[in-house]
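Below you'll find the structure, written out as structure tokens, and then a few comments.
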Amino acid sequence: MTIRVIIVDDQAMVRAGFAALLSAQADIDVVGEAPDGRQGVETARSTHPDVVLMDVRMPELDGLAAAREILAPPPGVVHVPKVLMLTTFDVDDYVYEALRAGASGFLLKDAPPADLISAVRIVAAGEALLAPSVTRRLIADLVTRRPARRKDRASLRLNGLTPRETEVLELIARGLSNQEIAARLVVAEQTVKTHIGRVLAKLDLRDRAQAVIFAYESGLVTPGDQ
């Protein structure tokens, strides 16, 4: 199945470079481009991509606002693509808020070409791009600055999880893959997927990215944990 992608970035050279790289892959089709967030939302609505590569800082409408519009569409809009944020900075408030809004992860613009291609495939498959340690550092750094009130609310929601579900959530937040969690808990990988599905449903979370943020906000995992 071909992955449909649009690229939203105010730099024409970046769009052209990413488009050429991704279009050369047999399983990826670049179906649109946009120079700002407003046109990015419109392009996403008209082309129905699987993945939106979204720059953080742009004119007209920045990447955060555009991601929010795409991920929380108005009534009548059925298609909701995955959003992968692009940034020049490895620690960025905008990226953190985008993850909270439902973005599936972020990638540095100067990442190697192979990382960009892999990121698109990972996000299209429904996974969150959380493997790089920089992502966990970003979340850990910014969650420490969140209001205590938010932490208290998140902590209360943890009570709805079983001990095993809580354990799985903690391991997700520590950056373990499904396979690694299965090995740690000595269970089948499908069992891990079932637990993750229940965690997301009970906590009303979109994906693993939001699960990691929730784990930090609730105090289940604290910055510096290994």
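The residues of the chain are indexed from 1 along the displayed sequence. Note that the coordinates shown come from a computational prediction; the quantities given were computed from them, not determined experimentally.
Smallest separation of non-hydrogen atoms from Pro81 and Pro49: CB-O, 3.1 Å. Contact between Asp207 and Ala103 at its shortest, heavy atoms only, is OD2-O, 4.0 Å. Gln210 and Gly102 make their closest contact through NE2-N, 3.4 Å (heavy atoms, listed as atom of the first residue, atom of the second, distance). Closest approach of Thr43 and Ala34 over heavy atoms only: OG1-CB, 4.0 Å. Contact between Ile70 and Ala44 at its shortest, heavy atoms only, is CD1-CB, 3.9 Å. Of all the heavy atoms in Ala173 and Val221, the pair that sits closest is CB-CG2, 3.7 Å.
Taking 4.5 Å as the limit, every side-chain heavy atom of Arg57 sits out of range of all side-chain heavy atoms of Asp62. Residues Asp55 and Asp10 meet the side-chain proximity criterion, which asks for heavy atoms closer than 4.5 Å. With a 4.5 Å cut-off on side-chain heavy atoms, Leu171 and Arg184 count as touching. With a 4.5 Å cut-off on side-chain heavy atoms, Leu158 and Phe214 count as touching. The closest side-chain heavy-atom distance from Val30 to Arg15 is not below 4.5 Å. Annotation: side chain of Ile181 is in contact with side chain of Ile172 (closest heavy-atom distance under 4.5 Å). Residues Val83 and Met85 are in side-chain contact: their nearest non-hydrogen atoms beyond the backbone lie under 4.5 Å apart.
Between the side chain of Gln25 and the main chain of Leu21, a donor-acceptor pair closer than 3.5 Å is present. A donor-acceptor pair is defined here as one N or O able to donate and one able to accept, closer than 3.5 Å; no such pair exists between the side chain of His79 and the backbone of Arg45. Not one N or O on the side chain of Asp29 forms a donor-acceptor pair closer than 3.5 Å with the backbone of Arg4. Ser118 contributes no side-chain N or O that, together with a main-chain N or O of Ala114, makes up a donor-acceptor pair within less than 3.5 Å. Between the side chain of Ser218 and the backbone N or O of Ala215, at least one donor-acceptor pair lies under 3.5 Å.
For the atom pair CG (Leu22) and CD1 (Ile7), the distance works out to 5.5 Å, reported to the nearest 0.5 Å. Here the CG-OG1 distance, from Asn178 to Thr191, works out to 11.0 Å after rounding to the nearest 0.5 Å. Distance check: Thr2 OG1 to Ile28 CD1 gives 9.5 Å after rounding to the nearest 0.5 Å. Considering CD1 of Ile6 and NE2 of His48, their distance stands at 10.5 Å, rounded to 0.5 Å. In this structure, Leu200 CG and Leu169 CG are separated by 9.0 Å, a value rounded to the nearest 0.5 Å. One finds the CG atom of Leu108 at 11.5 Å from the CG atom of Leu116 (value rounded to the nearest 0.5 Å).
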**OP:** Carefully, step by step, assess Met58 and Val8 under the rule side chain to side chain contact (heavy atoms under 4.5 Å, CB included).
**Re:** CA-CA 9 Å; Met58 292 181 292; Val8 186; 3.7 Å; yes
**OP:** Determine, stepwise, if the pair Leu84 / Ser104 fulfils side chain to side chain contact (heavy atoms under 4.5 Å, CB included).
**Re:** CA-CA 6 Å; Leu84 178 62; Ser104 295; 5.9 Å; no
**OP:** Starting from the C-alpha separation in whole Å, work towards a yes-or-no answer on salt bridge (charged side-chain N to carboxylate O under 4.0 Å, His left out) for Arg174 and Glu170.
**Re:** CA-CA 6 Å; Arg174 294 181 189 281; Glu170 180 180 351; 2.4 Å; yes
Subject >> Verdict with supporting geometry, Glu167 and Arg164, salt bridge (charged side-chain N to carboxylate O under 4.0 Å, His left out) >> reply: CA-CA 5 Å; Glu167 188 175 13; Arg164 177 47 61 95; 3.1 Å; yes
Subject >> Test log, rule side chain to side chain contact (heavy atoms under 4.5 Å, CB included), inputs Val5 and Val120 >> reply: CA-CA 8 Å; Val5 177; Val120 168; 3.8 Å; yes
**OP:** With side chain to side chain contact (heavy atoms under 4.5 Å, CB included) as the test, would you mind laying out the steps for Leu71 and Val80 before giving the verdict?
**Re:** CA-CA 6 Å; Leu71 294 167; Val80 180; 4.2 Å; yes
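Partner Glu165 forms a side chain to side chain donor-acceptor pair (under 3.5 Å) with one of Lys202, His195, Arg198 and no other, that one being Lys202.
Leu61 and Val77 fall into different hydrophobic clusters, defined by Ile, Leu, Val, Met, Phe, Trp and Tyr side-chain heavy atoms under 4.5 Å apart, directly or through other members.
By the 4.0 Å N-to-carboxylate-O rule, Glu42 lies too far from Arg38 to be salt-bridged with it. Using a cut-off of 4.0 Å between Lys/Arg side-chain N and Asp/Glu carboxylate O, Asp9 and Lys109 are scored as salt-bridged. Contact check on Asp27 versus Arg121 returns a salt bridge, with a Lys/Arg side-chain nitrogen under 4.0 Å from an Asp/Glu carboxylate oxygen.
No hydrogens or angles considered: a donor-acceptor pair under 3.5 Å links the side chains of Gln39 and Asp36.
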